[in-house]
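Residue numbers start from 1 in every chain, and the chains themselves are labelled A, B, ... in the order their sequence lines are given, proteins ahead of strands. We use all heavy atoms of the structure for the numbers below, so side chains are in, but hydrogens, waters and symmetry mates are not.
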Amino acid sequence: MRKFLLLPRLGNRSLMKSEKKPQFWLDKIAQDIIDRREKLNRKVDVLRVESGIGASGFPHIGSVGDSLRAYGIKLALENLGYKSELIAYSDDRDGLRKIPVGVPKEYSKYIGMPVSEIPDPWGCHSSYGEHISSMLIEALEKLGIEFTFISGTEAYKSGLLDKQISRLLANSGKVDRIIREEVGSSKPEGWVHYWPRCEKCGRIYTTRVIKVIPEESKVIYACDQEFKGIKGCGYVGEASYLRGDGKLSWKGEFAARWAALGIVFEPHGKDITDSFRVNARISREILDYEPPMTVMYEMFLDSTKRKISKSIGNVITPQMWMKFSPPEALRMLMFKRYRSTRSISLQRSPLYINELENGVRKYHNLERIRSERDKMTLKRLMEYTYLMKGVPTPWPYRYTAVLNVVAMLPRDIKFDDLLGVVADLISKYYDIEPKSLLSEEMFRRYVYYARNYVESFGTSEIERIEIDDSLLNAIDSFVKRLKNDMGEEVIQDLAFNTARELRVSVKAFFQAIYMVLLGQPQGPKLGPLLRRIGIDRFKKLYSRSLEEGKIARKR
RNA sequence: GGGCCCGUAGCUCAGAAUGGUAGAGCGCCCGGCUCUUAACCGGGAGGUCGAGGGUUCGAAGCCCUCCGGGCCCGCCA
């Protein structure tokens, strides 16, 4: 697909001509990586893929999407029989650019300083940067991603990038030219794209390289630039560019990392497309390293198609996701496709879970899928969703059922009690022992997600509903016949018999009752539900709805 | 000023590298079932593939122009 061939163009198309079989995108890219490796005659033991993890702003759902997709490629490469490793590279050498919400305003004094050298506002980690990246690491672990963590700061200090830095600085004129050709630059011509750290004020974004002295691996710099309203301290000094006394600008840093670590794949968001292009050229033309393959993924929008932004307050963090749906649902969403997964919304989490359940079920019924392509896509999607460790057999109950039950129960029940009650109801629903439900991890998680969902989003409010005359008569008659001492089965039978006797559609009859009861056209099995709610309470609810005009007669 | 992405059924999107009878899921309509479920089974309606032009025996796809939506760069990443 042309999109991910954007950077490294595969020359030898005929190579693949014979294999016209459609492939899942992760498999396809992995195969391309292998083909290219042969072509470049690059012999390395471990094929490394990379995902950059931000350390300056709070992690959001898109951040883990990047890592997840990179991890998918790692799995795909291993699936082809190669060793692979995911590098999660923390950008904790980046300077602080702005103060995120929730961070003290005084922190503006740290603007322009590397986030790894700024104290942790929450006091639990050794630095601001470490705190932020630990949040992301935690999320990645919850998602079941295995990775090797590299701190940018450590990378610089250990000299990991020294060879590349030296080469970039020795060729700084060429670097500047490439940047100008690709994206332009407002800096004066001949600018050295490197940030020395000012030894006096500690900032990196207020400095300017005056001279590069390659023989001594150092630069002369002046701290006289302005960044975000912060003026440099005016200090002039010299700094070694080896062992971490500064930082490459993004116009070259990716390239240095790729070359130093031997990265063969790294996904990127739409917002840094240009950056990738510049780095690809720098990598190829200056560092003699053929840049990694990549995919460009879209930014996430919320359900109203607005850009996710902190100021609107519609940010979704991985932690928030985990409150409403399982990690595997997120993995499925991210693996499903890599571009145009445009909107995402926690309110739609029941949908995502439903999709997961459907996927699992279909996986065990692959022969039913007619189209070969769809069959292959679903098969691989589910295998990747479960990280190649095996797709579980479908569980016999559904999240929507759990959600319906939780939604109609009082909100103030303690969680443990809620579990019991829900297990009780669901067991009637699906004819499973409550005990075996309670022993299931997935079931407990479902109740947890459902409770959080109901707390955050509630259920649809009953507005005014119109019910057909004949249906309403049937419900009337059903309500009249209901007796306090009726058991679940009796109630259930009564509902069916009433509908049949009065010759109304059973389906419509049930839907109408659920509308009255829950404001939605379906719900848990009626008998147990009414038993649980209480016959009297149901009768009162019904007559009150009639009196208040919430239920109207449609003729 | 420069650059990128997207536009295919009511909705979400496949299909585009390699041109060959327009697809799936959901929704909707009809029917079935041992008749509540974002459960199952069968069938159906629904698309000038954003517009126009070009190349071609043949274009959703390739080329050009335009329209619409979104994004990035010219601070930083």
Salt-bridge present (R36(A), D32(A); N to O < 4.0 Å): no

Proximity of F324(A) and Y449(A) rings by center, below 6.0 Å: no

Sugar-phosphate only, base, or nothing, as touched by K228(A) at under 4.0 Å among non-hydrogen atoms: base

Nearest-Å distance for atom pair CE/C1', residues M376(A) and G15(B): 11 Å

Dot-bracket line, read 5' to 3' along RNA chain B, where crossing pairs take [ ] and | marks a partner on another strand, Watson-Crick or G-U under 3.5 Å: ((((((((.[[[[.)....(..]]]].(((((.......))))).....[[[[[..)....]]]]])))))))....

Sugar-phosphate, base or nothing in reach of D94(A), heavy atoms under 4.0 Å: sugar-phosphate

Euclidean distance, atom OH of residue Y352(A) to atom P of C26(B) [Å, nearest integer]: 17 Å

F24(A) ring center near Y384(A) ring center (under 6.0 Å): yes

d(CG, N358(A); C1', G27(B)) in whole Å: 14 Å

N/O donor-acceptor pair under 3.5 Å between N279(A) side chain and S275(A) backbone: yes

Side chain to side chain donor-acceptor pair (under 3.5 Å) involving D271(A) - partner list, sequence neighbours excluded: none

Minimum-distance nucleotide (side-chain atoms of K247(A) versus G2(B), C76(B), A77(B)): A77(B)

Any K251(A) side-chain N or O less than 4.0 Å from OP1/OP2 of C73(B): no

Closest nucleotide among A77(B), A39(B), G70(B) to the K270(A) side chain: G70(B)

Value in whole Å for how far the C1' atom of C76(B) lies from CZ of R93(A): 16 Å

Nearest-neighbour nucleotide for the W195(A) side chain, G70(B), C40(B), C76(B) considered: C76(B)

Check: D94(A) and K247(A) side chains under 4.5 Å, non-hydrogen atoms: yes

R277(A) vs C4(B): side-chain N/O to OP1/OP2 distance below 4.0 Å: no

d(CD1, I178(A); P, G2(B)) in whole Å: 22 Å

Distance, C1' atom - from G58(B) to C73(B), rounded to whole angstrom: 42 Å

Integer angstrom distance from the P of C64(B) to that of G3(B): 13 Å

C1' spacing across the pair C40(B) / G19(B), given as an integer number of angstrom: 41 Å

pair Y89(A)-F254(A): side-chain heavy atoms closer than 4.5 Å: no

Ring pair (Phe, Tyr, Trp, His ring centres under 6.0 Å) partner of Y399(A), the single match among Y352(A), Y446(A), Y453(A): Y446(A)

Rounded distance (Å) that lies between atom C1' of A77(B) and atom CG of D271(A): 9 Å

Distance between P atoms of G44(B) and U36(B) (Å, rounded): 26 Å

Pairwise P distance for A39(B) and C49(B), with rounding to whole Å: 34 Å

Along RNA chain B (nearest heavy atom to each residue), the more 5'-positioned of Y205(A) and V183(A): V183(A)

Integer angstrom distance from the C1' of C13(B) to that of G27(B): 14 Å

Rounded C1' spacing from G70(B) to G23(B) in Å: 26 Å

Aromatic ring proximity Y110(A)/Y107(A), centre distance under 6.0 Å: yes

Which nucleotide in C76(B), A77(B), G25(B) has an atom nearest any side-chain atom of F227(A): C76(B)

Nearest-Å distance once atom P is located in both C11(B) and G47(B): 13 Å

Distance in angstrom units between F335(A) CZ and C13(B) P, rounded: 19 Å

Atom pair distance, as rounded to whole Å: CG in L248(A) and P in C76(B): 14 Å

